[in-house]
Structures are given as C-alpha cells and as structure tokens.
Q: 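I have a structure here, written as structure tokens, and I will follow up with some questions on it.
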Amino acid sequence: MENLLEAELTLSAPPPGGPTALDGLLPALAEEAIARTLARRGTGRLASFGLTHDVLRVTFESEGVRPHQAFLAFLRRLTEELGRKEKIGVRSVRIRRYRVEFDVEGRPEAPITLPIEHTLHIEGSRAHLELPDLPEEALRDNWVDRTIALVQEKIRRQSYQGKEQYWALLTQSPPRAQAARPDPTEAMLSRNWVRSGPTKGKWFLGPSAAHLLRTMDRIARTEVLKPLGFEEVVQPHHDSFDILLKTGHLEGLPGEFYYVAEPKSRDPVAWERFTDLVKITRKVPEEELARLVTGPTAVSCYAQCPTIYWWLSGRTLPTGELPLKIFDGSAVSNRYESGGRHGLERVDEFHRIEPVYVGTPEQLLDLREELLKRYAHVFDTILELEWRTAWVTPFYMQQAGAVGVEDAQERIKGTIDFEAYLPYRGTREASEWLEFQNLSIVGDKYTRAFTIKTQKGELWSGCSGIGLERWLTAFLAQKGLDPTDWPSKFREYVGEMPPELRFL
Ligand code: ATP
Ligand code: ZN
Ligand code: MG
C-alpha cells in the first residue's frame with residue numbers, strides 16, 4: 001500500500017453498545033469522506049478499525065493521493081454523529097503512524113536529516129517515509145506533503161552542490177581604455193573619504209564619498225525612475241517574520257539576517273541593576289542585558305520588496321491602472337556577509353533603491369525592456385562604464401524546471417545581473433566582475449503569496465535592486481577619485497565636490 005495513516009481517537013466516554021457499537025457507522029462515514037476528498041485524484045479505503053473501551057483506532061490507506069484529507073473529513077463527521085446521537089465527544093486525536101511513498105531524483109549522496117522523528121528508506125527512485133506519533137495539527141497544516149517536498153529538495157540540492165549558478169552573457173558594452181587604478185576602497189581610505197565603521201561590515205562615508213553616493217542616488221531617480229513613472233514610497237525598516245515566511249526568505253537566508261530584539265520593559269527600575277553595573281564596571285554587562293531583552297522579534301531590512309508586497313497584501317489593483325510602479329529608497333539593507341565582506345563592495349549595511357513593479361506578464365516584459373534601456377543609458381553615457389548583463393539562475397532551480405534558461409524564448413521569469421569590470425582585480429577574462437545591480441521578474445510567486453489581485457487576468461511582479469555602494473565602487477574602480485578623469489555628464493551631476501577634509 002502506498003500511503004497509510006493510523007490514528008487513535010480518545011472519546012469522552014465508551015459508546016453504549018460495546019466494542020461493536022460503531023461497526024455500522026464507521027465504514028459509512030469513511031466512504032463518504034473518501035468520496036468527498038480523494039476520489040477524484042486517487043483511491044482510498046478504511047483498512048481497519050477497532051474500539052477498545054473509549055479508544056477508537058482507525059487505519060486509512062490510499063493510492064495516488066495522501067489519505068489525511070479523508071481522515072480529517074471522517075473525523076469531522078464522526079464528531080458530529082457521536083455528539084448528536086450519543087452525546088459523546090472526541091477528546092484527543094493522535095496519529096500513531098503516517099507512512100508515505102513518493103518519487104525522488106535518485107539516491108542521496110549524503111544522509112538526509114529531518115527535524116522531526118522519522119524513518120526514511122530510499123530504493124532506487126522511490127522513497128518510503130514513516131512519521132510516528134504526529135499531532136492532529138500536523139495533518140491540518142499538511143506537514144506530510146511539506147516534509148516530502150523537503151526530502152525531494154534536499155536530494156536535488158545535494159546533486160547540484162558545488163556546481164556554479166547558471167550564467168549566460170546577454171549584453172556587453174564595448175571595452176573601454178582602463179588606466180591602472182587601485183582598489184577604490186583603499187584609495188578612499190587613504191584620502192579619508194571613508195572609515196571602516198564601529199561595527200562589523202559597516203562604513204562611515206565622509207562628505208566626499210557621501211556626496212558621490214547621493215549623486216548615484218540622484219542619477220538613478222532622475223534618469224531611470226522618474227522617466228518611467230515610478231513613485232516613491234517610504235517603508236518601515238524592520239521586516240516581520242510573517243512577511244519573510246511568506247516570501248521564503250526565512251527558510252532561504254536565516255544566516256544572513258540581522259535580528260532585532262526588544263527590551264522586555266522600558267521601566268528604569270527593571271534596568272537598575274544593568275545601569276548600576278555599567279556605572280561601576282564601564283563595560284557592557286552582557287548576561288544582564290541578555291536577561292532584559294527578548295529573543296528576536298523581527299529582522300532589520302534585508303531587501304525592500306518583501307515589505308512592499310506586505311503593503312499591497314489583500315488589495316485588488318484596478319486593471320486599467322496597471323502596471324503599478326513604485327520604489328523604496330529609504331530602508332537601508334542589512335546583511336550578515338561574514339567572510340565575504342570586502343571594502344565597500346560587500347558590506348553589512350548598504351543603501352539600495354528597490355523599484356517594484358506589478359502588472360500583467362506582457363506589461364512586465366515591456367517594462368523590463370524599458371528599464372534595460374534606461375539603465376544602459378546611465379551606464380553607457382553618464383557613468384561611461386565597461387559593463388555587461390547576464391541571465392542568472394541558481395542551478396538547482398533550473399533543474400527543477402522553475403525557470404527556463406536554455407531557450408532564449410523562455411527567458412521570461414528570472415534574474416538579469418549587471419556586472420562591472422574592476423581593473424584592480426586583474427584582466428577582463430580572468431577576474432571576477434562585480435554585480436552592481438539586478439533586475440527580476442518573479443511571475444506570480446509573491447502576488448499569490450500576498451493575495452494581491454487585479455480585476456481580471458494574471459498578475460505578476462518583479463523588482464530591481466540598485467546597489468548604490470556597488471554603483472559607486474564600480475565607477476571609482478574604473479574612473480578613479482580625480483574628478484578631472486570623470487565623464488562630463490557625470491561631472492554635471494556631481495557639481496561642486498565638498499572641500500577635502502583634513503585630519504591632523
Ligand atoms: P551578491 O550575489 O553579490 O551577494 P545578491 O544576489 O545577494 O548579491 P540581491 O539580494 O539580489 O544581491 O541584491 C541586489 C543588489 O543589492 C545587488 O545587485 C547589489 O547591488 C546590492 N548588494 C547585495 N548585497 C550587497 C552587499 N553585501 N554590499 C553592497 N551591496 C550589496
Ligand atoms: Zn526584491
Ligand atoms: Mg548576497
């Protein structure tokens with residue numbers, strides 16, 4: 001048998017009539033429940049049942065479809081019937097055993113771990129999973145199908161581990177003569193334009209660097225967002241766990257967040273021991289602090305689009321007014337980059353403008369072309385960069401068929417990375433170029449997750465991450481810090497540079 005669910009129901013009292021009291025009722029209710037829930041997708045049956053005093057054991061089997069929907073429908077009807085006819089309730093439900101079979105893409109290369117009790121055997125491309133002793137909630141919330149999906153995903157990931165993300169060149173600017181220039185972060189450090197920040201991976205930008213970062217911001221707004229009709233929003237800086245659960249970020253990137261904790265109390269009396277210790281020791285009383293703050297309650301902004309989708313959640317957008325084009329330029333992104341940090345190129349806190357667009361698939365494809373044109377205008381004629389674009393997709397996602405990549409015709413959903421050549425890293429061919437922004441169309445993934453609708457037709461969305469520190473480092477790596485070497489259109493945007501600060 002493909003799937004089997006064994007449950008134990010404790011009743012509020014033994015049914016009058018003894019062990020055979022329910023022999024007529026149970027098969028009838030099971031048949032009705034199976035017909036209502038499973039019949040269209042597979043077959044199922046009540047394989048066995050038995051009543052001992054006030055404990056009822058039932059076993060459902062099924063093929064082609066999992067049996068728990070039928071069991072839940074059966075349980076609902078049984079509760080009704082027992083209550084009405086015998087004044088007996090179902091006090092508790094335990095799932096003693098849930099056994100399922102399903103297909104996987106080959107044998108795993110390493111053991112598959114799961115955070116709940118289980119046994120898992122894999123024979124060829126067929127997996128046998130048994131979960132003992134589940135709460136009723138596990139059926140209502142469909143843990144079983146999610147656990148199956150997790151096993152399949154883990155096996156798929158293992159087989160693509162270490163393989164590079166898919167990368168295919170789309171466009172390339174002509175090469176530009178590059179003077180030998182230093183790492184821009186080193187150059188800015190030596191001129192006191194920036195200072196490595198007081199906490200991990202953060203930078204303090206002095207007036208010259210800040211002026212250039214703001215110049216990049218102005219160029220993005222004036223040359224890209226305004227002409228295309230994007231309107232600005234101002235969003236909160238903390239992302240709720242609920243939002244990140246919906247977008248998938250919470251399961252995808254838990255090790256890259258900065259978590260936010262709250263004081264358990266703002267009453268000075270609660271903090272008295274803490275403040276007294278600070279006064280005496282002049283150190284952070286870490287244990288005392290840990291006692292006084294909560295565990296994480298949210299995360300500091302990682303990307304802006306999740307909270308923008310939250311803003312639109314449950315809304316219906318007028319079809320005639322699509323596409324919706326908005327951007328946030330106020331929430332600062334925080335990411336725990338750990339070993340990957342490097343200068344201003346990979347920092348733990350960065351400034352990003354994130355345009356988000358919601359519309360029909362056709363509208364978003366058109367908008368992507370318009371965005372690509374405006375971006376190209378900025379990088380070719382204002383910043384005069386040597387840059388390229390590439391179609392990128394995580395390897396395992398491609399294989400899962402989530403995104404078509406081989407065939408250009410199918411390149412509808414997915415991400416385009418923009419990369420700049422950094423001369424200080426070596427030759428064009430051998431060195432790693434810097435991803436300085438990207439542009440995605442994600443289909444209905446988020447409009448579905450956040451129930452964002454329109455009056456008629458499909459509603460898709462996408463976003464683009466304009467990383468201002470990356471624009472700045474890409475530019476300075478190619479053009480250097482001396483304004484006389486900068487392209488004239490950029491110089492017009494810069495205007496007067498702030499006076500150089502001197503420290504003695
Ligand atoms: P990477 O592959 O470089 O880590 P990512 O795929 O994590 O980038 P996204 O989440 O797609 O980046 O964010 C979009 C943009 O945000 C990037 O193109 C880049 O401009 C900027 N960005 C991302 N991480 C950082 C960082 N640590 N420091 C500075 N800018 C960043
Ligand atoms: Zn986004
Ligand atoms: Mg990253």
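Note that ligands are numbered from 1 as they come in the structure, with each ligand's atoms numbered from 1 the same way. Everything numeric in this text was worked out from a predicted model, so none of it was measured. Side-chain atoms are counted along with the backbone in the values below, which use heavy atoms only and exclude waters and symmetry mates.
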Q: If we only look closer than 2.8 Å, how many protein N, O or S atoms does the Zn ion (ligand 2) have near it?
A: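 Every protein N, O or S atom under 2.8 Å from the Zn ion (ligand 2) counted, the figure is 3.
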
Q: Please list every donor-acceptor pair under 3.5 Å in which a side-chain atom of residues 436-444 meets a protein atom from a residue at least two apart or in another chain.
A:
unit_1: Gln437; atom_1: OE1; unit_2: Trp471; atom_2: NE1; d: 3.3
unit_1: Asn438; atom_1: OD1; unit_2: Gly465; atom_2: N; d: 3.1
unit_1: Ser440; atom_1: OG; unit_2: Thr415; atom_2: OG1; d: 2.8

Q: Distance under 4.0 Å to a non-hydrogen atom of Gly465: what atoms of ligand 1 satisfy this?
A: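 By the 4.0 Å cutoff, the relevant atoms are 15 (C).
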
Q: So is Leu344 polar-close to ligand 1, meaning N/O to N/O under 3.5 Å?
A: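 Such a contact does not occur with ligand 1.
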
Q: Under 4.0 Å, heavy-atom basis, I'd like to know which part of Phe418 is in contact with ligand 1: side chain, backbone, both or neither.
A: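 Looking at Phe418 and ligand 1, no heavy atom falls under 4.0 Å.
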
Q: With respect to Tyr302, determine whether any N or O atom, backbone or side chain, lies less than 3.5 Å from an N or O atom of ligand 1.
A: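 No, since none of the N or O atoms of Tyr302 sits under 3.5 Å from an N or O of ligand 1.
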
Q: Does a side-chain N-to-carboxylate-O contact under 4.0 Å join Arg176 and Glu386?
A: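 Judged by the 4.0 Å cut-off on N to carboxylate O distance, Arg176 and Glu386 do not form a salt bridge.
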
Q: Mark yes or no: Arg335 above the aromatic ring of Tyr302, with NZ or CZ under 6.0 Å from the six-membered ring centre and no more than 45 degrees from the axis.
A: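 Yes.
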
Q: Not counting sequence neighbours, which residues clear side-chain hydrogen bond (donor to acceptor under 3.5 Å, both in side chains) with Tyr259? List them please.
A: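 Not a single residue meets the side-chain hydrogen bond (donor to acceptor under 3.5 Å, both in side chains) criterion with Tyr259.
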
Q: Of all the atoms in ligand 1, which lie at a distance below 4.0 Å from a heavy atom belonging to Val347?
A: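 By the 4.0 Å cutoff, the relevant atoms are 26 (C), 27 (N), 28 (N), 29 (C).
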
Q: Number the atoms of ligand 1 from 1 as they appear, then name those within less than 4.0 Å of a heavy atom of Arg352, with their elements.
A: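 In order of number, 13 (O), 14 (C), 15 (C), 16 (O).
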
Q: Does at least one non-hydrogen atom of Glu469 fall below 4.0 angstrom from an atom of ligand 1?
A: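 Distance cut 4.0 Å: Glu469 fails for ligand 1.
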
Q: Would you mind listing which atoms of ligand 1 come within a distance below 4.0 Å of any non-hydrogen atom of Glu345?
A: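 Close to Glu345: 28 (N), 29 (C).
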
Q: Do Lys202 and Tyr258 meet the cation-pi criteria used here (NZ or CZ under 6.0 Å from the six-membered ring centre, within 45° of the axis)?
A: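 Here Lys202 passes the 6.0 Å and 45° test against Tyr258.
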
Q: Any carboxylate oxygen within less than 4.0 angstrom of a Lys/Arg side-chain nitrogen, looking at Arg221 and Asp217?
A: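 Yes, charged N to carboxylate O under 4.0 Å.
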
Q: Gly467 heavy atoms, cut-off 4.0 Å: which ligand 1 atoms fall inside?
A: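 By the 4.0 Å cutoff, the relevant atoms are 20 (O).
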
Q: For Glu354 and Ile308, which heavy atoms make the closest approach, and how far apart are they?
A: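 Heavy atoms only, the tightest pair is O-CD1, 4.3 Å.
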
Q: What is the ring orientation for Tyr98 with His68, classed by angle as parallel under 30°, tilted 30 to 60°, or perpendicular over 60°?
A: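 Perpendicular.
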
Q: Both conditions, 6.0 Å and 45 degrees, for the charged tip of Lys445 above the ring of Trp460: are they met here?
A: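 No, Lys445 does not lie over the aromatic ring of Trp460.
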
Q: Taking 4.0 angstrom as the limit and counting only heavy atoms of Glu337, give me the atoms of ligand 1 inside it, by number and element.
A: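 Here the atoms of ligand 1 in question are 24 (N), 26 (C), 27 (N).
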
Q: Examine the proximity of ligand 1 to Arg346 and report which part, side chain or backbone, both or neither, has a heavy atom under 4.0 Å away.
A: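 Both parts.
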
Q: Output the list of atoms in ligand 1 that are nearer than 4.0 Å to some heavy atom of Arg335, sorted by atom number.
A: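 Result: 5 (P), 7 (O), 9 (P), 10 (O), 12 (O), 13 (O), 23 (C), 24 (N).
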
Q: If the condition is side chain to side chain contact (heavy atoms under 4.5 Å, CB included), which residues does Arg191 pass it with, not counting sequence neighbours?
A: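 Arg191: side chain to side chain contact (heavy atoms under 4.5 Å, CB included) contacts with Trp193, Leu481, Glu500.
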
Q: Taking the six-membered ring for Trp, are Phe230 and Phe327 closer than 6.0 Å centroid to centroid?
A: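 Ring centres of Phe327 and Phe230 not closer than 6.0 Å.
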
